Amino acid sequence: MFIKKLFRKGHESYLEKGEKLLAAGRVAEARTLFQDALESLSSDCPGRDAVEAQIRERIALTGNRLAELNLEEARHALKSGEMAKAEEHLNLALDLAEDVTIREKAEKILAAIPSDGLHEHGVHDGAGCSGCHGTSCQPTESATFSSHGLMDSDRFELLVRPLPGDLPERYLDLGKEFAKGYLAADAGDTAAARAVYEDLLSRDENDILRYEIALLDHRAGETERCERQLRRALELNDANPLCNLVLVQLLGETGRFAEAISHLQGMVARNILTEQAEMFLGDIYHAQGDNLRAIEHYSRLLSGQYKREAAERLAGVLVECGRNDEAEYVVKQYLKGCC
């Protein structure tokens with residue numbers, strides 16, 4: 001009995017320390033502790049399968065966050081023309097990520113990196129022209145390579161292709177000026193991005209421009225302006241999935257959970273990002289301590305695209321409710337071989 005308690009204390013201690021490090025933003029160290037928690041989990045721990053699922057969920061979460069950091073590092077490396085370094089970060093992202101969206105982004109960028117040395121030309125502004133500034137030294141508009149070896153049009157398409165529904169095509173149809181602003185925003189140049197968006201908006205208002213300006217407002221900490229932009233975007237097109245989703249996130253950030261729940265229920269009723277909306281509903285109810293409703297919403301997702309994530313959350317909530325047998329069933333039924 002004493003040995004069992006030692007083992008149980010071991011994994012719980014690692015989990016507790018890992019959560020503290022994760023909250024402090026020390027993701028890599030937290031991931032190591034979660035892995036230690038998994039290794040120290042005893043075979044006869046009560047509700048072991050569900051506890052293991054919880055630990056693996058934290059390992060997956062930290063892996064995805066580290067993968068996102070490596071994606072960002074890869075983008076910086078590409079901007080500097082450091083292809084080998086970019087590939088290294090992208091491969092690390094693939095090793096760490098379990099999230100399909102993150103993996104797809106890494107794979108698409110890897111596939112687009114030139115393998116014929118094109119990136120060696122034009123990576124230093126004007127360096128290849130030996131001081132010549134005539135028009136003959138300027139690349140044509142249809143073949144302009146950015147500083148990291150990819151054409152701006154290719155970079156833009158890589159960024160917008162993962163968007164939901166018909167948004168990739170709509171974004172691509174907005175033209176080169178919009179793409180310029182979008183790439184500026186992605187590079188962190190919000191002032192340049194805003195200038196482009198505002199200029200386009202003065203000519204023709206649409207929900208995408210309003211949404212992208214809302215993101216810039218949010219980045220600047222202008223929550224009220226962000227919300228006004230999002231609501232105007234939804235007046236223009238209430239079916240825009242990103243506007244709906246980000247508004248819900250904003251409502252959650254500002255503690256308006258009842259309004260967020262109402263909006264999410266409307267999204268489900270209108271078939272807008274239904275599974276994501278159900279997941280958000282489960283998360284909000286869980287955060288509020290309404291575990292029965294959280295269980296209800298997570299359970300609805302067990303046959304869909306996000307069944308793994310839903311099963312992990314569901315198992316954790318069931319354990320919190322003392323329903324260990326049900327939690328173990330969920331793990332065996334939906335998570336076996338997934339971790």
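The structure presented is a predicted model; accordingly, all values stated were derived computationally and were not measured.
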Test Glu296 against Leu281 for side-chain contact (heavy atoms from CB on, under 4.5 Å), laying out the working first. CA-CA 10 Å; Glu296 176 187 346; Leu281 282 166; over 6 Å; no

Evaluate Leu96 against Ile102 for side-chain contact (heavy atoms from CB on, under 4.5 Å), listing each step before the verdict. CA-CA 10 Å; Leu96 289 162; Ile102 298 173; over 6 Å; no

Evaluate the side-chain contact (heavy atoms from CB on, under 4.5 Å) criterion for residues Leu247 and Asn244: first the C-alpha distance (whole Å), next the side-chain angles of each, then the deciding distance (0.1 Å), finally the verdict. CA-CA 5 Å; Leu247 178 59; Asn244 280 281; 6.0 Å; no

Could you give me the CA-CA distance, side-chain angles and deciding distance for Lys85 and Glu88, then say whether salt bridge (Lys or Arg N to Asp or Glu O under 4.0 Å) is met? CA-CA 5 Å; Lys85 185 177 180 181; Glu88 180 183 347; over 6 Å; no

Going through the distances and angles, do Arg58 and Glu19 end up as a side-chain contact (heavy atoms from CB on, under 4.5 Å)? CA-CA 9 Å; Arg58 305 313 279 171; Glu19 293 292 351; 2.9 Å; yes

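Between Ala50 and Val319, the closest heavy-atom pair is CB-CG2, 3.1 Å. For the residue pair Pro164 and Leu273, the shortest heavy atom distance occurs at CB-CD2, 4.0 Å. Nearest heavy atom pair, residue Ala214 against residue Gln229, reads CB-CB, 3.6 Å. Closest non-hydrogen pair, Val331 versus Ala315, comes out as CG2-CB, 4.0 Å. Nearest approach of Leu314 to Ser299, heavy atoms of both residues: CD2-OG, 3.8 Å. The minimum heavy-atom distance linking Ile272 with Pro241 is given by the pair CG2-CA, 3.9 Å.
Glu98 is listed as a side-chain neighbour of Arg308, based on a closest heavy-atom distance under 4.5 Å. Taking 4.5 Å as the limit, some side-chain heavy atom of Glu198 sits within range of a side-chain heavy atom of Leu201. The side-chain heavy atoms of Asp283 and Arg313, taken from C-beta on, include a pair separated by under 4.5 Å.
Linking ILVMFWY residues whenever their side-chain heavy atoms come closer than 4.5 Å, directly or via other members, leaves Leu335 and Tyr329 in distinct clusters. One hydrophobic cluster holds both Leu216 and Leu200 under the rule that ILVMFWY side chains link at heavy-atom gaps under 4.5 Å. Under the 4.5 Å side-chain heavy-atom criterion for Ile, Leu, Val, Met, Phe, Trp and Tyr, Leu174 and Leu236 are members of distinct hydrophobic clusters. Taking hydrophobic clusters as Ile, Leu, Val, Met, Phe, Trp and Tyr residues chained together by side-chain heavy-atom distances below 4.5 Å, Ile213 shares a cluster with Leu167.
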Anything under 3.5 Å between a donor and an acceptor, one on a side chain of residues 183-196, the other on a protein residue two or more places apart or in another chain? List them.
residue: Asp189; atom: OD1; partner: Ala192; partner atom: N; Å: 3.2
residue: Arg194; atom: NH1; partner: Asp217; partner atom: OD1; Å: 3.1
residue: Arg194; atom: NH2; partner: Asp217; partner atom: OD1; Å: 2.8

Quick one: side chains of residues 23-38, donor-acceptor pairs under 3.5 Å with protein atoms, not counting sequence neighbours, listed by atom name and distance.
residue: Arg26; atom: NE; partner: Glu29; partner atom: OE2; Å: 2.9
residue: Arg26; atom: NH2; partner: Glu29; partner atom: OE1; Å: 2.8
residue: Arg31; atom: NH1; partner: Ile59; partner atom: O; Å: 2.6
residue: Thr32; atom: OG1; partner: Ala28; partner atom: O; Å: 3.2

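Every residue two or more places apart in sequence or in another chain that forms a side chain to side chain donor-acceptor pair (under 3.5 Å) with Glu235 is listed here: Arg232. Remark: Tyr171 engages Phe178, Tyr182 in a ring-ring contact (aromatic ring centres under 6.0 Å, His included) (not counting sequence neighbours). Evaluation of the side chain to side chain donor-acceptor pair (under 3.5 Å) rule for Glu275 yields no partner, not counting sequence neighbours. Applying the side chain to side chain donor-acceptor pair (under 3.5 Å) criterion to Asp207, with sequence neighbours excluded, gives Arg170, Asn237, Asn240. Applying the ring-ring contact (aromatic ring centres under 6.0 Å, His included) rule to His89 yields no partners; only residues at least two apart in sequence or on another chain are considered. In this view, Lys108 and Leu158, Arg161, Pro162 satisfy the side chain to side chain contact (heavy atoms under 4.5 Å, CB included) rule, not counting sequence neighbours.
Listed by first and then second residue, the ring-ring contact (aromatic ring centres under 6.0 Å, His included) pairs that reach into residues 207-259 come to none, sequence neighbours excluded. Screening residues 236-253 for salt bridge (charged side-chain N to carboxylate O under 4.0 Å, His left out) gives Asp238-Arg270 as the qualifying pairs, with residues at least two apart or on separate chains. Residue pairs that meet the ring-ring contact (aromatic ring centres under 6.0 Å, His included) test with at least one member in residues 272-302, sequence neighbours left out, are Tyr285-His297.
Hydrophobic clustering, defined by side-chain heavy atoms of Ile, Leu, Val, Met, Phe, Trp and Tyr closer than 4.5 Å, leaves Leu292 isolated from every other such residue.
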